[in-house]
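Structure, as structure tokens:
Hydrogens, waters and symmetry mates play no part in the numbers below; they use all other heavy atoms, side chains included. This one's a predicted model, so the numbers in the text were calculated from it and none came from an experiment.
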Amino acid sequence: EFYEQACRAFETQGYLDFTNLNNLFGRVITDGAAVLSNDPAHDPRAGGIPPGHPPLRCFLGVPMLRGGQVVGMIGVANRPGGYSAEQQHRLEVLTRTAGVLYDNYRRQQREQAHEREMQLRSSVLEQMAGSVVMTDRNGVIEYVNPAFEKNTGYSRDEAVGRKPNLVKSGRHPPEFYQHLWRTILAGEPFRATFVNRRKDGALYHEDKIITPIEDASGAITHFVSTGKDISDRIKAEEALRESKEHSDLLLESAAEAIYGIDREGRCTFVNPACLRLLGYPGKPSAVLGQHMHQLIHHTHADGSVYPEKHCAIYRAFRRRQPVHLENETLWRADGSSFLAEVWSHPIRRNGEVLGAVVSFLDISERRRTEDLVARLGRILDHSSNEIYVFCAESLRFLQTNEGARRNLGYSLEELKGLTPIDLKPEMTRETFEALLAPLRQGVQDTVVFETVHRRKDGSLYPVEAR
């Protein structure tokens, strides 16, 4: 009877409003504890029921808790004879099981969303300036991007199927690689500077991060490494330790901006690239001896003052440790600012920290490129052209843009249950597969054909598909 009354309430108004928490339902949510009431009419916690809800003769509600937070509730009502503590215990067991299912569902949704995002943005990997390598769990290479080919001299065909030790230089001890594997097999990212060897035998330094990739069950299936060739910076730092004359030569030719500071933050040396970026070309005297925080690092991007005592660049000599900053605002001589990626390393002599060597790159163009990619994604989504992504195996749609949904009259969720064949009444799966065959076989990069699409309301319109 209770179930039938609840169904009639849903049929009448389409929902039950539980926003008023001053009742038995609300006490379960707000207190995060079970509520058992075998006499709601005289229970001071009752506080009424949602409009359209069947009358309560008895009630048992148990919260669904995940990580100490209430994420939902399971309630039962109007059992003849009421409810007991034993029945409350059984419902609590059921609720814990439902909570686990809820966690699994949310995790699966996140993973599916991530997978779609990776599919739509996979082309970005091809454009990245840094090396990208993907291996299976055993370390066998499955993918490298063009930057890897350029940095190492190995083509994609030469690298795929082999292991990353094809660029191994022999400069790292076995303990280095043992630590690497322990870290990534534990599900943690590993970051280090690698000394690798190119195909032509030349050594290069690479700042690399290796990240484990897990499937929906949490098992590690792949590893992805991203690397940046930092050979110029390493060479500059080594030269500073070797000799002043040699360091001056490298500083003059380095493409990165480099300057040195003492323990008071005053500039002790500066290279031409740094002078150009800061707006002092050919004027080292305008920078040498100056307090660098006050000169180029004094203000945040929002215009607020950046106190010297909080200066992240100075941590290199204050805490005797290297510093890497990815989004620092630096200021030029003309008062304009730019985004910079900054490295600051302590300078030591006989165990004493004398100051720091600081290098930086202007990343304004990189940020503008990233913003442009994001804007392009939004433009494609709002394009009047219909854009679809579908599974090569099942042919079911994975993603569509707003233009497609608007033209067809379907929601994204509705389209995910359909295939291109459902939109093309004149085609069968066989004819559509025949069109896709040249793409699957690698004979063609693009297939173009004319057909007809059927909207949700049944109307038809001609399209050119590509």
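- Ionic pairing of Arg366 and Glu341 is present here: one or more N-O contacts between side-chain nitrogen and carboxylate oxygen are shorter than 4.0 angstrom.
- Between Glu92 and Gln88, the side chains place a donor N or O and an acceptor N or O closer than 3.5 Å (distance only, hydrogens not considered).
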Should Arg96 and Met64 be marked as a side-chain contact (heavy atoms from CB on, under 4.5 Å) after you check the CA-CA gap, both sets of side-chain angles, and the distance that decides it? CA-CA 7 Å; Arg96 285 195 292 272; Met64 186 186 301; over 6 Å; no
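- Although no hydrogens or angles enter the test, the distance criterion places no donor-acceptor pair under 3.5 Å between the side chain of Gln441 and the main chain of Pro438.
- Atom CG of residue Asp136 and atom CD1 of residue Ile213 lie 13.0 Å apart, to the nearest 0.5 angstrom.
- Within the model, atoms CZ of Arg276 and CG of Asp362 stand 12.5 Å from one another, a figure rounded to the nearest 0.5 Å.
- With ring centers used as reference points, Tyr306 lies under 6.0 Å from His297.
- The neighbour count for Lys416 NZ, taken as heavy atoms of other residues, nucleotides or ligands under 6.0 Å away, is above 12.
- Side-chain contact between Val287 and Met292 is present, with at least one heavy-atom pair separated by less than 4.5 Å.
- Side-chain polar atoms of Asn327 and Arg367 form a donor-acceptor pair below 3.5 angstrom.
- Distance alone, capped at 3.5 Å, is enough to place a donor-acceptor pair between the Ser344 side chain and the Ile313 backbone.
- Under the 3.5 Å distance criterion, the side-chain polar atoms of Trp331 are matched with a main-chain donor or acceptor of Thr299.
- Note: Arg162 CZ to Ile141 CD1 = 8.0 Å, rounded to the nearest 0.5 Å.
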Begin from the C-alpha positions of Phe360 and Leu330 and carry the test side-chain contact (heavy atoms from CB on, under 4.5 Å) through to its verdict.
-> CA-CA 10 Å; Phe360 63 88; Leu330 300 183; 3.8 Å; yes
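- The only option from Asn151, Val195, Asn196 that meets the side-chain contact (heavy atoms from CB on, under 4.5 Å) definition with Val167 turns out to be Asn196.
- Side-chain contact check for Leu395 versus Glu433: some heavy-atom pair is nearer than 4.5 Å.
- Atom CG of Asn350 sits in a sparse spot, with 12 or fewer heavy atoms from other residues, nucleotides or ligands closer than 6.0 Å.
- For Arg396 and Asp422, the salt-bridge test fails: no basic side-chain N is under 4.0 Å from an acidic carboxylate O.
- Using cut-offs of 30° and 60° for the angle between ring planes, the Tyr177 and His172 rings count as perpendicular.
- Atom OG of Ser169 and atom CG of Leu203 lie 6.0 Å apart (nearest 0.5 Å).
- Between Phe176 and Phe194, the gap from one ring centroid to the other is short of 6.0 Å.
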*asked:* As a quick check of understanding, evaluate salt bridge (Lys or Arg N to Asp or Glu O under 4.0 Å) for Asp31 and Arg45, giving each step before the final call.
replied: CA-CA 12 Å; Asp31 294 352; Arg45 300 172 297 176; over 6 Å; no
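- Judged purely by distance below 3.5 Å, without hydrogens or angles, the side chains of Asp262 and Thr268 never pair a donor atom with an acceptor atom.
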Report task. Report the C-alpha distance between Glu402 and Arg405 in whole Å, list the side-chain angles of each, state the deciding distance to 0.1 Å, and finish with yes or no for salt bridge (Lys or Arg N to Asp or Glu O under 4.0 Å). Result -> CA-CA 5 Å; Glu402 184 179 335; Arg405 299 193 294 271; 5.1 Å; no
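- The main-chain N or O of Arg319 is never found under 3.5 Å from a side-chain atom of Arg315 such that the two would form a donor-acceptor pair.
- Here the closest non-hydrogen pair linking Pro189 and Thr211 is CB-OG1, 4.2 Å.
- Taken from CG in Leu412 to CZ in Phe397, the straight-line distance is 11.0 Å, to the nearest 0.5 Å.
- Using a 4.5 Å heavy-atom threshold, the side chains of Ile421 and Leu423 count as separate.
- The shortest side-chain heavy-atom distance between Leu415 and Leu408 falls under the 4.5 Å cut-off.
- Between Arg349 and Glu352 there is no salt bridge, since none of the side-chain N atoms of the basic residue sits less than 4.0 Å from a carboxylate O of the acidic one.
- Nearest heavy atom pair, residue Val342 against residue Val358, reads CG1-CG1, 3.7 Å.
- Between Thr193 and Glu206, the closest side-chain pair of non-hydrogen atoms is not below 4.5 Å.
- Other residues, nucleotides and ligands contribute at most 12 non-hydrogen atoms within 6.0 Å of the CD atom of Gln69.
- Ion pair Lys199/Glu158 flagged as a salt bridge, since at least one NZ, NE, NH1 or NH2 atom sits closer than 4.0 Å to an Asp/Glu carboxylate oxygen.
- Using a 4.5 Å heavy-atom threshold, the side chains of Leu436 and Val447 count as separate.
- Other residues, nucleotides and ligands contribute at most 12 non-hydrogen atoms within 6.0 Å of the CG atom of Asp445.
- For the residue pair His324/Arg191, the side-chain donor-acceptor check at 3.5 Å is satisfied.
- Within a 6.0 Å radius of CZ in Arg156, more than 12 heavy atoms belonging to other residues, nucleotides or ligands are found.
- The line from SG of Cys311 to CD1 of Ile261 is 7.0 Å long, rounded to the nearest 0.5 Å.
- With a 4.5 Å cut-off on side-chain heavy atoms, Tyr259 and Ile296 count as touching.
- At a cut-off of 3.5 Å, with distance as the only test, no side-chain donor of Ser155 or Asp157 sits close to an acceptor on the other residue.
- For the side-chain contact (heavy atoms from CB on, under 4.5 Å) with Arg233, the lone residue among His345, Lys228, His205 that qualifies is His345.
- The environment of Arg332 atom CZ is dense: over 12 non-hydrogen atoms of other residues, nucleotides or ligands sit within 6.0 angstrom.
- Contact annotation: the side chain of Val144 never approaches that of Val132 to less than 4.5 Å [non-hydrogen atoms, C-beta and beyond].
- Judged by distance alone, the side chains of His222 and Glu142 do bring a donor and an acceptor atom under 3.5 Å apart.
- Residues Arg137 and Phe223 come closest through the heavy atom pair O-CE1, 3.3 Å.
- In the displayed structure, Arg466 atom CZ is contacted under 6.0 Å by at most 12 heavy atoms of other residues, nucleotides or ligands.
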